[in-house]
K.L.:
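Mind looking over this structure? Questions follow.
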Amino acid sequence: MTRTDRLVEALLGVAIGDALGFPFEGKPREQLATVDLSHLPAGRFPPGTWSDDTALTFITAESLYLSGALDLNDLAGRFLRWLKEGYFTPFGQALGIGRATREALLRLEKGVPPEEAGGKGERDNGNGSLMRLLPVALWYAKDPLEEALTCLHKASSLTHAHPRSLVACGLFGLLVRKIVAGKALKTALLETAKEGPHLYASSPFREELTHYTPLFEGKIFLEKEERIISSGYVVHTLLAAFWVLYRTEDFAAGVKLAVRLGGDTDTLAAVVGGVAGLYYGLASAPESWLNGLQKRELLEQTAHEFARRLGERWRDLNQR
Ligand SMILES: [Mg+2]
């Protein structure tokens, strides 16, 4: 049973990973081998600046505890305020938005209903929904698996509706619920890989399974670093996150390795940071990482409130 302070550390882990990787977004791996990650680095923005990954994760957490459930209309409204008004941002401006997310939010603005806003094309499979889904995975971690998957898919579809993206989000959710249930991290990773194909044995998901073969066959866990791709493609991000989480033993090592892989540094480190924060907590993180986050108080307050409300929800579920 996951303690509620681990829920706080999971969300803050996303923010730390994002802030650690954001200055290096798009940089090739070779340039990052020796870069100093003992403090949050400066990029175009001051150290501790976090981007879309953190903003949309925390906005999702806030929407969940204020609505008491996944409410796509509420979520869509908050995402639009982020884009248009700089709501829940370090400096009043939405940073790092991806193409598919922007296009979906602009469709929402024009009145397209949230259920139909997300891109459904094969090119709409960036990691923009995976990066923000940790709060949904946690919120439904103790509900029946089918309900949890439905909510993860719905939440992804707001911006990313292609079945390949939904599969990535569902697998991520499965991993998170195993950790919440008290499984060891490596066990949770291996079990998720093994159960994935059975979870998605029907159309339209079945047709997507081949993209995840290295995970389902377990090869990803043995892969050499040069074969791991950290791009903005959702399949790459999910596989790279599993690879990093399998071969690191604490939070700090996980997010550092995620950043050093280059490419989509902030998103991979945010995804890894969330899971590693949930499992290990943040004890291995240098104090300057947490202290250095822009708007740290806002992040901490939101994370604590999310953890408190989710703790209550879990108690209610237990008493049913
Ligand atoms: Mg980002």
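First listed ligand is number 1; within each ligand, the first listed atom is number 1.
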K.L.:
Under 3.5 Å, sequence neighbours excluded: what are the donor-acceptor pairs made by side chains of residues 165-175?
P.N.:
from, atom 1, to, atom 2, distance (Å)
S165, OG, N125, OD1, 2.7

K.L.:
Which pairs with one or both residues in residues 253-301 pass ring pair (Phe, Tyr, Trp, His ring centres under 6.0 Å), sequence neighbours excluded?
P.N.:
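Every pair satisfying ring pair (Phe, Tyr, Trp, His ring centres under 6.0 Å) with a residue in residues 253-301: there are none.
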K.L.:
Salt bridge (charged side-chain N to carboxylate O under 4.0 Å, His left out): which pairs involve residues 252-268, sequence neighbours left out?
P.N.:
none
K.L.:
Does the side chain of V275 come within less than 4.5 Å of L185's, by heavy atoms?
P.N.:
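Yes; the side chains approach each other to less than 4.5 Å.
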K.L.:
Quick one: sort the Y212 and F216 rings into parallel, tilted or perpendicular, breaks at 30° and 60°.
P.N.:
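Ring orientation of Y212 relative to F216: tilted.
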K.L.:
List-wise, which protein N, O or S atoms are found short of 2.8 Å from the Mg ion (ligand 1)?
P.N.:
S51 OG, D52 OD1, D53 OD1, D266 OD2
K.L.:
Please work out whether the ring planes of F88 and W50 are parallel, tilted or perpendicular, with thresholds of 30° and 60°.
P.N.:
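Plane angle between 30° and 60°, so tilted.
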